[in-house]
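Single-structure report; data block below.
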Amino acid sequence: MAGSPICSWRLLRRAPRSSCGRLVAATRRVALVVAAAVFACSCHPAQTKSVVLVTIDTLRADHVGLYGYGRATTPNIDRWFAKGRLYTHCWSAEASTTPSVVSLLTGLLPQQHGVRQLIQLLPQGQKILPELMPPAWQSAGFVSNMMLTTETSGIGSRFGYYDDFVDEKEKYRGNTYERDAARTTDAVLAWLDKPRDPSRPLLLWVHYMDPHGPYHPPDDWPRRFHHDSPLPIDVSRILPYEREPDVDDGLAYVDAYDEEIAYVDSQVGRLLEGVDQRLGGDSTLTILTADHGESLMDHEDWFRHAVQVYDTMTRVPLMLRGPGVQSGRSDLPTSGLDVAPTILAAAGAPPLPSTPDVDLRSGRGLDASRIIYTEASFPARDGGDQWRAAIQNNRKWAIGVRPGDCRAELRRYDLAADPDELTIKVWNEDGEAPRSLLRLCQQDPDPAGVPKTWAFGATLKGPKTATNADAEKLSGLKALGYAD
């Protein structure tokens, strides 16, 4: 497809071109300056009094300005983390939300913490970050994805305060509820303004649903991204809830995805401004990452995730700023598993057994030859293959797994020469990465990623609102058909 619009879209991820639409060259130049700079940490160690973890659903690393994207999708994120620490090679532990988020909150692989499916309750005996922090720490979580509600995942009961009030019906799917980024930010800032013990440090987690599909930013959000030539696609291959009526131009979906990123970026900027004012930026460690990526028009998996371990679905941004953070960019391989040990280290807690002994603030414990693992177990629930991968030294080994068969399909990719993973190379087991990947599969207590015994979460049958929601809000929800 040389010279086609889809090739132009791929180029957009690597360098701006006028033929790819209205690109903002200034943002690109800023990103390249930041990319070239390595800042020495001249500050003295500061005490961490707050930790803010921001996770953005479905955000690909290569659509973020600091990662070299040609469009100005993330001016606020770029500004806030320009002098922070940026990891260029980070993979999520899983390609779907719930298992990946639990890995972020535990530092464990999915087969260790036991959450393998999208709608699955956290096992009772598995502790997550709020329970692992020193006793003095408070914790609060704010989520906008229905899969992370207490009923569906069990996560909320582990936080001191948990706001999972998703009351906006998804645009094209019944009984699926979410909350947009502006209202999620409103909820966080309103809660921070309430009285609480100022002597106790705070762990704050905020999960934004945008830009998860369907890619539809608010109606009043100004559309800024456009393309020159359409790319007609077969819309029957797009998941029904992802389809925009009468839109068969694949690049229009990419534009809308980027608009959603720009929208959530505006709210991340507002959140971090508010946190800086209320908690103090000098004593707050802020970490931003994503639960997984998104296949746009890659590998014929159009506008979806959870089904494969390609980089498009598993490679995510990872950046930090705050006390103890050594500024600069790092190409060392990292994982969502590294977030929990870093937060515990910042809080002065000892490292946990079975978790990576790393600290992302300085890069302590990271190694260029480290092996990173990722997986996609969602298809296995319906009888498909689970996919697992090991990444080491710009090479990826991937296996398709069926119950009792860890070699159902074997693939290898050269990520340096073939970053789009278009050429499958002959499988080999030279080195520890492929051998350890097979061992993990063989030792997995959940064959092909489907637990033998597990508790389904309860999906919502209607909007979830706070029990003290005022009469005016309830009246408005009823008028919109969101409440009875």
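By the salt bridge (charged side-chain N to carboxylate O under 4.0 Å, His left out) test, Glu242 pairs with no residue at all, sequence neighbours left out. Among residues two or more places apart in sequence or in another chain, the side-chain contact (heavy atoms from CB on, under 4.5 Å) test is passed with Leu121 by Ala455. With sequence neighbours excluded, no residue forms a side-chain hydrogen bond (donor to acceptor under 3.5 Å, both in side chains) with Thr289. For Asp249, the side-chain hydrogen bond (donor to acceptor under 3.5 Å, both in side chains) partners are His227, not counting sequence neighbours. When the salt bridge (charged side-chain N to carboxylate O under 4.0 Å, His left out) test is applied to Asp234, no partner is found at least two apart in sequence or on another chain. Lys464 is linked by a side-chain hydrogen bond (donor to acceptor under 3.5 Å, both in side chains) to Glu151, Asp164, counting only residues two or more places apart in sequence or in another chain. A search for side-chain contact (heavy atoms from CB on, under 4.5 Å) contacts involving Arg315 returns His89, Trp91, Asp311, not counting sequence neighbours. Considering only residues two or more places apart in sequence or on other chains, Asp276 meets the side-chain contact (heavy atoms from CB on, under 4.5 Å) condition with Trp80. Every residue two or more places apart in sequence or in another chain was checked for a side-chain hydrogen bond (donor to acceptor under 3.5 Å, both in side chains) with Trp387, and none qualifies. With sequence neighbours left out, the salt bridge (charged side-chain N to carboxylate O under 4.0 Å, His left out) criterion links Arg395 to no other residue. Partners of Ser295 by side-chain contact (heavy atoms from CB on, under 4.5 Å), not counting sequence neighbours, listed by chain and number: Asp298, Asp301, Thr312, Met313.
Applying the salt bridge (charged side-chain N to carboxylate O under 4.0 Å, His left out) test to every pair with at least one member in residues 446-457, sequence neighbours left out, gives these pairs: Arg116-Asp446.
Side-chain rings of Tyr215 and Tyr257 approach one another, their centers coming within less than 6.0 Å. Taking the six-membered ring for Trp and the full ring otherwise, the centers of Trp205 and Phe159 sit less than 6.0 Å from each other.
Scanning both residues, Asp258 and Tyr69, for their nearest heavy atoms gives OD2-OH, 2.5 Å. Val401 and Cys441 get closest at one heavy-atom pair: CG1-SG, 3.6 Å. Smallest separation of non-hydrogen atoms from Ser330 and Arg85: CB-NH2, 4.1 Å. Ala376 and Ala95 get closest at one heavy-atom pair: CB-CB, 4.0 Å.
A donor-acceptor pair shorter than 3.5 Å cannot be found between the side chains of Thr314 and His292.
Ring geometry for Trp191 against Phe142 counts as perpendicular: the plane angle is over 60°, on a 0 to 90° scale with 30° as the lower cut.
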